[in-house]
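One structure is given here, and the rest of the page talks about it.
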Amino acid sequence: MASPSIPAIERAVLASWEAGDTFRRSVANRDAGENGSNEFVFYDGPPFANGLPHYGHLLTGYVKDVVPRYQTMRGKHVERRFGWDTHGLPAELEAERILGITDKSQIEAMGIEAFNAACRESVLRYTKEWQDYVTRQARWVDFENDYKTLDPTFMESVIWAFKQLYDKGLAYEGFRVLPYCWRDETPLSNHELRMDDDVYQMRQDPALTVGLRLLSGEYLLIWTTTPWTLPSHQAVAVNPDVAYVVVEPAQGSPLAASVPDGEAPPRVILAEARLAAYARELGEDARVVETIQGSDLVGAHYHPPFPFFADEAAYAERDQAARDALGVAPEDNPHAFGVIAGDFVTTEDGTGLVHMAPAFGEDDMAACDAVGITPVVTVDSGGRFTALVPDYEGVQVFDANAAIIADLKAGSGPLAAVPADARPIVLRHETYDHSYPHCWRCRNPLIYKAVSSWFVRVTQFRDRMVELNQEIAWTPEHIRDGQFGKWLAGARDWSISRNRYWGTPIPVWVSDDPAYPRIDVYGSLEELARDFGDVPRNDLGQPDLHRPWVDQLTRPNPDDPRPDDQRSTMRRIPDVLDVWFDSGSMPFAQVHYPFENADWFEHHYPGDFIVEYIGQTRGWFYTLHVLATALFDRPAFRSAISHGIVLGSDGRKMSKSLRNYPDVTEVLDRDGSDAMRWFLMASPILRGGNLVVTEEGIRAEVRGVLLPLWNAWYFFALYANTMHDGEGYRAQRVSPDADGRLAGYTEMDRYLLARTHDLARDVTRAADAYDIAGACQLIREHIDLLTNWYVRTQRQRFWDEDTTAYDTLWTALEALTRIMAPFAPLLTEEIWRGLTGEESVHLTDWPVTVRTEARAESASHEDAFTSRPARTLYDVEPALVPDPDLVAAMDRVREVVSTAHALRKAAKVRVRQPLRSLAVVLADEAEAAAFEPFAPIVASEVNLKEVRLEDLGSDAAARYGVVTRLTVNARAAGPRLGKQVQQVIRAAREGDWAQDADGTVTAGGVALVEGEYELVTQAAGTGEGELAVAVLPGGGFVVLDLALDAELRAEGYARDVVRQVQDARKAADLHVTDRIVLRLGVAEHHRAAAQAHRAFIAKETLAVALELDVVPEVDVPKGGVAVVELARAEADAETGDAERATAEVTE
RNA sequence: GGGCCUAUAGCUCAGUCGGUUAGAGCGCUUCCCUGAUAAGGAAGAGGUCCCGCGUUCGAGUCGCGGUAGGCCCA
């Protein structure tokens, strides 16, 4: 059909693939080669399937299909295993939702076993739907031989990786500051903070400005909205690049008044930019004693706000318990209570000096860690102060604010024991309204709190990661040294433990008695079995590393010499691994390395190709690279596409609630998968840009690419099938003769084949460079050429049953569908099957195009065939004969046609009006000769009786008048002439130049040397009389003879009549093959013309009878040339022979 | 606040090593053509190449500083 239902075609193709097992065979057809030498290794980035796929998944899925399909056709063996990401917090939250519970205590109450069972069910809930979507998008991927991160084999490889890191000293335990819900007694991930818009709510907190007394006497002003963190204070941070001032408060200011008469008022230090904000306390005319840089303050020491950790000995003793509980080795804190540098310090609010409580702030932790200050955790899991802060022990931190503020102001409580001149002062106490994070479950205000965590010591091999990144080919290129490279260079240690339930367990067992410490790390089921007597087993008795089964493995501490009944026990730490550790382990864990497939893995790592959206530079791309570097000292992948973000039709992020994007199912049902694939693949999104998805955009690709391709095929099939009186014609592949020539084919045929050759060559180049959008652009241009140049100009040959035309079009379409197959796999499949009668385009080979070299080589080295790898490029596409000269000549033809049309247009002569002649004047005889074969094409396109070729060497120059124009090659002349080149260019443009007798060209007074200029000959004017002259863009010119005689006018008139009748036919809703009875009424002065072309008119309009009358001119309708009346011919005439009918009319 | 990216015609985007007069597709206007095509052809309108400074004989392109937007981080 001419207007096909593409989705229907697609469904039929999909069904045939399933029936024919085509995917599996396309993989199996290709030899993997020795040690996988002929494999293309693709890693599937596991999606988290806890929901349905959206455009982002579809986009990535299409790329994940295009590249392997292409490589398969190139002859590679490409395994494609689907991966499922199954662990992690999203799964747990979904399980909580299903189970109707909201916090960890409820999980503990119901039991981890039941909870994890719910998690497992939730992550596999949508696998069927995913499979359906992936199948519908024509993505070939192996669902049977898939991998899941919850598989015991996968998990065993993951704990192996952890142990490797531990053994290399690259895994350690430390602190990590997280949002923490003291009511639910659980840390939250940063992701949970962004989960709901109303997680951040306005809240009123006390804000204190406190002065801490430097040993030199001045007070550092710090500002905090969490007074409860002051007892845990460890340092003050300043921005080293900010200016600070030492200020003496004005006489009579509140601060000056606070000291007894006679005593000097205290001097305070704050950022210069914040001085005005404290005018109330310091007085309007407070005196700036000194201005200093932040860096000058770094290292200064002061008296802490509270005395809890001031006494080194007491601190060490009291903190020991907390440290022991966390398993951290004791170390002192010599740097505490000093000024440290922090780039994050701003002067937007506060004082420009920031109070650091490293256990309760991320910045605090990082800045203190940099100078060796360890956090002091003074708050228990319920948010209450511990014995480390005896004065407030047991008080919830928010409740403690009031008491802390009161003690600070009054010097009471713990400060009573501190000498007055070492106490802090409270400069300001205000109420602060700010946006503050709340627990998304219980709506209580969160705190930030240090929790114990395991880390990968990324900082230790960070530089190596940067080096290895240089070996990766990124698309777009800037990712390598930009977003990804910069991220690597600034990488911090990776926190990999999560205080959760559903994940790969951290395989660390510790003694439960600090008196007899011991740590065991396990990297395999076998090691576990050795120490615990058996592997962990679930309720079905199957090996299962998940909690709670793995936690049930305990044993007496071998390092504990006490009798058995008193011995300490080795227990697993409760944490599970960050899910990103799972996905980073995917290359080896999917094959259960090193327990199985060690040899395979060696030869398939790094992988050849991965693709994800740009955000994965901090996600999958990153974790793959971290583990690859740490474990194997090589990159995990050779090339990566990092695509942009898919936006909704309004340019904003796609949002379910806004409904700002086309429904996926609707698009697939109406326009089809290939339309969506092409739309996405041809878009800038694969070059890193963002993409707005609109239905119009998708439809535009259907109209611009898919339908023209289909119609080219439909045109071919329609006429090939009706050839030889309906017997049909089976087209042959064009094949060159022994000399490699396409003798017997027209220029246009050879041109199409040469262009198809170029297409294959250029698309190969683009696809090899992962420039998928570029490949699509090339194909789009080629389809335009095929349909709107070749087919349109050659239609008559098809109606004339010229078999070379059929063979040529068949060959071109067959190659085109192969080239396009990865980018529109369903539609090309249907067309290719129609063309060849064979099974699948995806089981064939990519058109390879190095025939010239291969021919020479294979001729001289006959044995080269056998000694070369399977798919080296031999004479596989003999029909696609490159011909650069022919391609260039045809470009000239299109120039000539276009220019001649422009002349007609300027002279207001319609194309239907035949003209006598066109002269094409080219530079020399050779060019004219090369053009000669195309003269008929020009004649028919421009509607000319004759196309003459002339060259400038003939008398054409004299007859039409020519000028010579000077063009300067700035690239060549610029370096030699320097500044003068501008002068020369201007002179050349203005005609201010001359050529000497000896040939020297001088422009603007400057002599030019060979190669710096070009002399171009052009027609001078627009021609004389009825000759119209126009310059060709590539040099040369055309001269169109606009003179009309009666004969030409008559012919033009006849064609006008035909046109009008065709319109009337269309208006009468006639079928294109319907015969008609026609009556024409023409004006007297057109009678002769109509008579002369009566047969032509009848033939063109399929008129079996034509009655011709003369009517008064006024009866002819406006816009028409005749009065037209027509009716469908009677049935017997309709079935009669058209030519006989025409003959009757002629008589 | 930091890092990265982007900014070129009404829209979506190309623009190579810095080289003379900056392109394509779509859209728009007018005209033409039309027995495969939901098409095709021609002409036209439409540009402060985000702004500024600099380097250079010459800058859409290179450098610096801004502005706006996107992504990520904080």
Side-chain angles (χ1 to χ4, degrees), chain A residues 1-3 190 239 343-346 348 362-363 366 476 478-479 481-487 489-490 613-619 644-645 647 651-653 682-684 687-692 694 696-697 699-700 702-704 706-719 773-774 777 780-781 784 787-789 791-792 795 798-799 894 897-906 908-913 941-943 967-986 988-989 1055 1058-1059 1062-1063 1065-1066 1070-1074 1100-1102:
Chain A
M1 63 233 99
S3 296
N190 280 307
N239 189 324
D343 291 338
F344 52 86
V345 177
T346 71
E348 296 201 344
E362 270 192 281
D363 281 338
H478 61 72
I479 301 292
D481 296 316
Q483 193 136 316
F484 194 63
K486 290 282 189 332
W487 173 251
Y613 96 109
I614 184 147
Q616 298 289 11
T617 44
R618 281 96 202 274
I645 314 281
L647 301 174
R652 291 192 286 173
K653 265 193 165 175
S683 78
R687 293 174 163 159
N690 294 344
L691 178 67
V692 175
T694 59
E696 299 77 52
R699 293 293 307 164
V702 173
R703 268 202 311 278
L706 300 183
L707 283 178
L709 173 72
W710 178 263
N711 282 314
W713 145 245
Y714 177 73
F715 172 84
F716 171 87
L718 180 66
Y719 292 106
Q777 179 61 22
R780 174 192 268 278
E781 287 165 11
D784 180 68
T787 63
N788 292 326
W789 188 242
V791 174
R792 184 169 58 83
R795 273 180 298 193
F798 289 89
W799 297 327
R894 303 191 77 170
V897 168
S898 168
T899 306
H901 271 137
L903 283 176
R904 293 192 81 115
K905 157 87 179 164
K908 295 193 185 346
V909 179
R910 63 198 190 282
V911 179
R912 273 194 305 265
Q913 174 61 60
E941 281 294 297
V942 190
N943 195 11
T967 59
V968 179
N969 182 353
R971 194 192 295 265
R976 183 177 74 87
L977 296 175
K979 193 171 284 187
Q980 283 182 320
V981 77
Q982 297 310 315
Q983 184 185 332
V984 170
I985 289 168
R986 205 177 317 119
R989 208 180 298 155
R1055 291 189 57 164
V1058 169
R1059 168 82 194 111
Q1062 301 290 25
D1063 269 349
R1065 285 183 59 111
K1066 202 174 239 176
L1070 295 183
H1071 192 260
V1072 293
T1073 55
D1074 286 342
E1100 291 294 309
T1101 60
L1102 299 185

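Residue numbers begin at 1 in each chain, while the letters A, B, ... track the order of the sequences.
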Taking a pair as Watson-Crick or G-U wobble with both distances under 3.5 Å, which nucleotide is matched to [N]?
{"N": "B/G18", "result": "none"}
{"N": "B/A36", "result": "none"}
{"N": "B/U29", "result": "B/A43"}
{"N": "B/U48", "result": "none"}
{"N": "B/C71", "result": "B/G3"}

I want to check one thing: is the phosphate of [N], taken as OP1 and OP2, less than 4.0 Å away from some side-chain N or O of [X]?
{"X": "A/R618", "N": "B/C73", "value": "no"}
{"X": "A/R904", "N": "B/G41", "value": "no"}
{"X": "A/Y719", "N": "B/A36", "value": "yes"}
{"X": "A/R912", "N": "B/U34", "value": "yes"}

- Message: What's the separation between atom CG in A/N943 and atom CD in A/Q913, rounded to the nearest 0.5 Å?
- Response: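 If we round to the nearest 0.5 Å, A/N943:CG and A/Q913:CD are 8.0 Å apart.
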Using whole Å, what does the distance between atom [atom2] of nucleotide [N] and atom [atom1] of [X] come to?
{"X": "A/Q777", "N": "B/G23", "atom1": "CD", "atom2": "C1'", "answer": "12 Å"}
{"X": "A/I614", "N": "B/C73", "atom1": "CD1", "atom2": "C1'", "answer": "13 Å"}
{"X": "A/Q913", "N": "B/G41", "atom1": "CD", "atom2": "P", "answer": "23 Å"}
{"X": "A/R792", "N": "B/G41", "atom1": "CZ", "atom2": "C1'", "answer": "7 Å"}
{"X": "A/E696", "N": "B/C28", "atom1": "CD", "atom2": "P", "answer": "13 Å"}
{"X": "A/E781", "N": "B/A14", "atom1": "CD", "atom2": "C1'", "answer": "10 Å"}
{"X": "A/N788", "N": "B/C33", "atom1": "CG", "atom2": "C1'", "answer": "13 Å"}

Scan [X] against the nucleic acid and name what it touches under 4.0 Å (heavy atoms): base, sugar-phosphate only, or nothing.
{"X": "A/W713", "result": "nothing"}
{"X": "A/R894", "result": "nothing"}
{"X": "A/A712", "result": "base"}
{"X": "A/T617", "result": "nothing"}
{"X": "A/P684", "result": "sugar-phosphate"}
{"X": "A/D363", "result": "sugar-phosphate"}
{"X": "A/V897", "result": "nothing"}

- Who passes side-chain contact (heavy atoms from CB on, under 4.5 Å) against A/Q616, sequence neighbours left out?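 With neighbours one apart ignored, the set is A/W580, A/E612, A/Y613, A/W620, A/F621.
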- Query: A/R904 side chain to A/V942 main-chain N or O, any donor-acceptor pair under 3.5 Å?
  - Reply: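 Yes: the side chain of A/R904 pairs with the backbone of A/V942.
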- Task: Check whether any side-chain heavy atom of A/R792 sits under 4.5 Å from a side-chain heavy atom of A/F715, and report yes or no.
- Result: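 Answer no - side chains too far apart.
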